[in-house]
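A, B, ... follow the sequence lines: proteins, then strands. Residue 1 opens every chain.
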4 protein chains.
Amino acid sequence: MQEISEKKARILAAAMDIFGERPYDQVKIEDIAERAGVGKGTIYEYFVSKEDLFAAGLEAGFNEYFMALVAAAVPSLPATAKLQAVFGRHLSFISQHAAATRIIIGERPASRSEMREAMVGRYMRLGRFLEELLQEGIAAGDFRPVDTAVVAQAIIGMFSTLLVFVLFAGQAADAMEKQAEKLLDFCLLGLAS
Amino acid sequence: MQEISEKKARILAAAMDIFGERPYDQVKIEDIAERAGVGKGTIYEYFVSKEDLFAAGLEAGFNEYFMALVAAAVPSLPATAKLQAVFGRHLSFISQHAAATRIIIGERPASRSEMREAMVGRYMRLGRFLEELLQEGIAAGDFRPVDTAVVAQAIIGMFSTLLVFVLFAGQAADAMEKQAEKLLDFCLLGLAS
Amino acid sequence: MQEISEKKARILAAAMDIFGERPYDQVKIEDIAERAGVGKGTIYEYFVSKEDLFAAGLEAGFNEYFMALVAAAVPSLPATAKLQAVFGRHLSFISQHAAATRIIIGERPASRSEMREAMVGRYMRLGRFLEELLQEGIAAGDFRPVDTAVVAQAIIGMFSTLLVFVLFAGQAADAMEKQAEKLLDFCLLGLAS
Amino acid sequence: MQEISEKKARILAAAMDIFGERPYDQVKIEDIAERAGVGKGTIYEYFVSKEDLFAAGLEAGFNEYFMALVAAAVPSLPATAKLQAVFGRHLSFISQHAAATRIIIGERPASRSEMREAMVGRYMRLGRFLEELLQEGIAAGDFRPVDTAVVAQAIIGMFSTLLVFVLFAGQAADAMEKQAEKLLDFCLLGLAS
DNA sequence: TATGAATGAGATTTCATTCAT
DNA sequence: GATGAATGAAATCTCATTCAT
């Protein structure tokens, strides 16, 4: 059973790798099988279809990302520092896990309504996390009492802009870092109590 | 020659329609031909390939969107009012032209670097427009002297978040309007001189 | 349009040929395309699916067979001679069109209910033809007033037995001819008025 | 060894069941394994291949049927009564063992000449049984001295027509019973000494 | 002996693109 | 220029069979 999970994980990892490299319809199941070191048929033992595998990769990629953000928000830190850490972690994650990230933004969110729902669900999850962080800051008097839902949305927006610049515009890492800092500053301006 | 352009326009319109309805690889050239009321072969008289047609639709969709924003920023208005108008127009555009919008963000065959470049180019164009607007406001003393590139980026980010909520989460129009207003307010907080 | 029908006919002929040679699932669409001298895709312009093509072949094969029987029953002949002619034509048809015939008995009648219905329909059509022939003979006083439905069924049964012997047991032609004659005689014994 | 046979029998029974339900290529070895309550691999302990298993089912199904006919021809009965009993048993068997019967006529992978031979062999076996019955009747003076081979063949033909009507046309049982009686009568007409 | 996870050959069908008319 | 019939490459998924346990 442990063995089984291990194989499923290997397939999933291979899928994320490859789906990150090129668009969905340029990925052959066979490519993934090869990279995972299993037979084509084996993939279908663990995933219902190519689309299912893609969706699983999406979910796993987001989870990885989300965990990274959560881990960055060390509980002992004050809210401002947490926010700063989250911004930084966002940037470093998308820089280092370009492939996984490219899946997250999802080359094809439109197809199945299930997938849309999942995507929206992920947005919400990220939003809730940021809202909690903001509420904490407000409670501690670090932030002014803003509408947390709105600000969270704004932050997600900033994150997604950074995404585009890092992944597609191929900006240099340090330029991006500066950019992220400034975005954070702008954000804090609006939050300053 | 006038005739020719008219036909090309009809094909492009049909393409935008249909690419907005479903993901790239679920669209058949034949569908577009049918909707445009021309033969399959005719499309190849005006467009090199399916990908080319998609790219043209993308560009046209963005132009439509961009023109709408530009038109909203009536020159005679003060910067704050312009920004407000642009926010409002963004929202109304994505609500009313869901199809065109879905192309803009949607499904990129993304394989070709040309397309990535075009996408980045559009981001930049939108960014420059917003920067100009911000600089104007700063010059007029309406905004504090922020890093316009950064704030423009932040606004683009907010726009894209609104996009997700409107297109995929299916939020009610009026709820979104309120949300957009609040995003603008948050923005203005950071900009207030 | 004439051209089109010609191509469809060529595909159908090739299909009957090949479906007659080997069982359904050992026939590749590609084989049929090759024999018909068209591309694989072309077949799908004229037939919805492999199964559809098979069903069409079945129908066409039966029609050919049925026409042959009908043609044998020359109107001017007395009933007994007609019956004799039909027996003879049955035998010669299945001997000479072994391939087409093998389709008729149908390697896979069970799959779709449509197909079953079509098969039953063919049985009925053959039955009605024989019944008419019998009724004519009864009216003319050549045959005793038997239950025509029953005797028609019996004749179909005899036909199918001959089928098995010719197609599968590979009996010599003249031996079969004698056999058919005797079957007819036995039949006539029951019919003799 | 007793245990082994029991398992083999269970597999065979399951195979007959399922091959009777749907055409050969819609049957998965796994389905049979499941119905038999054994593992997929186990089937290959007892049968060489899917085709082999099918052939075994065919043979077993025919044997069941053949035994039933033989049992119906109770030795003490006069020939006419025997023939009557055999007709009746044929009908009741195909009505009650539709699945087994469907195998007998059904779907032949037909590729292998072995299978054809087996099929012809079964026809012959049935033929010999009927011939013996006829000869007995002739010897007893119940039947006129017909060519027994021919009449046996005719009877087999009638049996197969009944098959089609019962299995595929879904005729009501009692209507068929009447039909069978009449077929027998017609037969007896030809046999009456 | 029994198992079932793993395999990979294989075939239908789709659809972008071509080109003769 | 306009058309759409013809094409064939290509890829998902199935399933009989194997073999390590």
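Cation-pi geometry between C:Lys50 and C:Phe19 is not satisfied (NZ or CZ under 6.0 Å from the ring centre, within 45° of the ring normal).
Between the CD atom of D:Glu51 and the P atom of F:dT17 there is a distance of 9 Å, given to the nearest Å. C:Ile29 places its CD1 atom 12 Å from the P atom of E:dA11, with the value rounded to the nearest Å. For the pair B:Gln26 CD and E:dC15 C1', the interatomic distance rounds to 14 Å; values are reported in whole Å. Atom NZ of B:Lys28 is separated from atom P of E:dT13 by 14 Å (rounded to the nearest Å). The nearest whole Å value for the distance from the CZ atom in A:Arg10 to the P atom in E:dA5 is 16 Å. Atom pair C:Asp25:CG and F:dT14:P shows a separation of 17 Å (rounding to whole Å applied). Rounded to an integer number of Å, the gap from D:Tyr24 OH to F:dC15 C1' is 12 Å. In this structure, CD1 of B:Ile32 is placed 16 Å from C1' of F:dG4, rounded to the nearest angstrom.
Nearer to the 5' terminus of DNA chain E, by closest-nucleotide assignment, is the contact made by D:Gly41 (compared with the other of D:Gly41 and A:Ile43). A residue-by-residue look at B:Gly39 and A:Val48 shows that B:Gly39 has its nearest nucleotide of DNA chain F further toward the 5' end. Where A:Val27 and B:Glu45 meet DNA chain F, the nucleotide closest to each residue was compared, and B:Glu45 sits on the side nearer the 5' end.
You'll find the side chain of B:Asp17 stays beyond 4.5 Å of the side chain of B:Ile32, heavy atoms only. Looking at heavy atoms from C-beta onward, A:Arg22 lies in side-chain contact with A:Asp31 at the 4.5 angstrom threshold.
OP1 or OP2 of E:dA2 sits under 4.0 Å from a side-chain N or O of D:Tyr46.
Within the shown strands, F:dT3 is the pairing partner of E:dA20 under the Watson-Crick or G-U definition, both distances less than 3.5 Å.
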Working note: C:Glu59 + C:Arg122, criterion salt bridge (Lys or Arg N to Asp or Glu O under 4.0 Å); need CA distance, chi angles, decisive distance, verdict.
CA-CA 8 Å; C:Glu59 193 62 28; C:Arg122 286 189 290 271; 2.9 Å; yes
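Counting non-hydrogen atoms under 4.0 angstrom, B:Lys40 reaches a base of the nucleic acid.
Listed nucleotides F:dC15, E:dT7, E:dA2 differ in distance to A:Val38; the shortest reach to its side chain belongs to E:dT7. Relative to the side chain of C:Lys50, the nucleotides F:dA6, E:dT12, E:dT3 differ in distance, and E:dT12 lies closest.
The minimum heavy-atom distance linking A:Arg10 with A:Ala36 is given by the pair NE-O, 3.0 Å.
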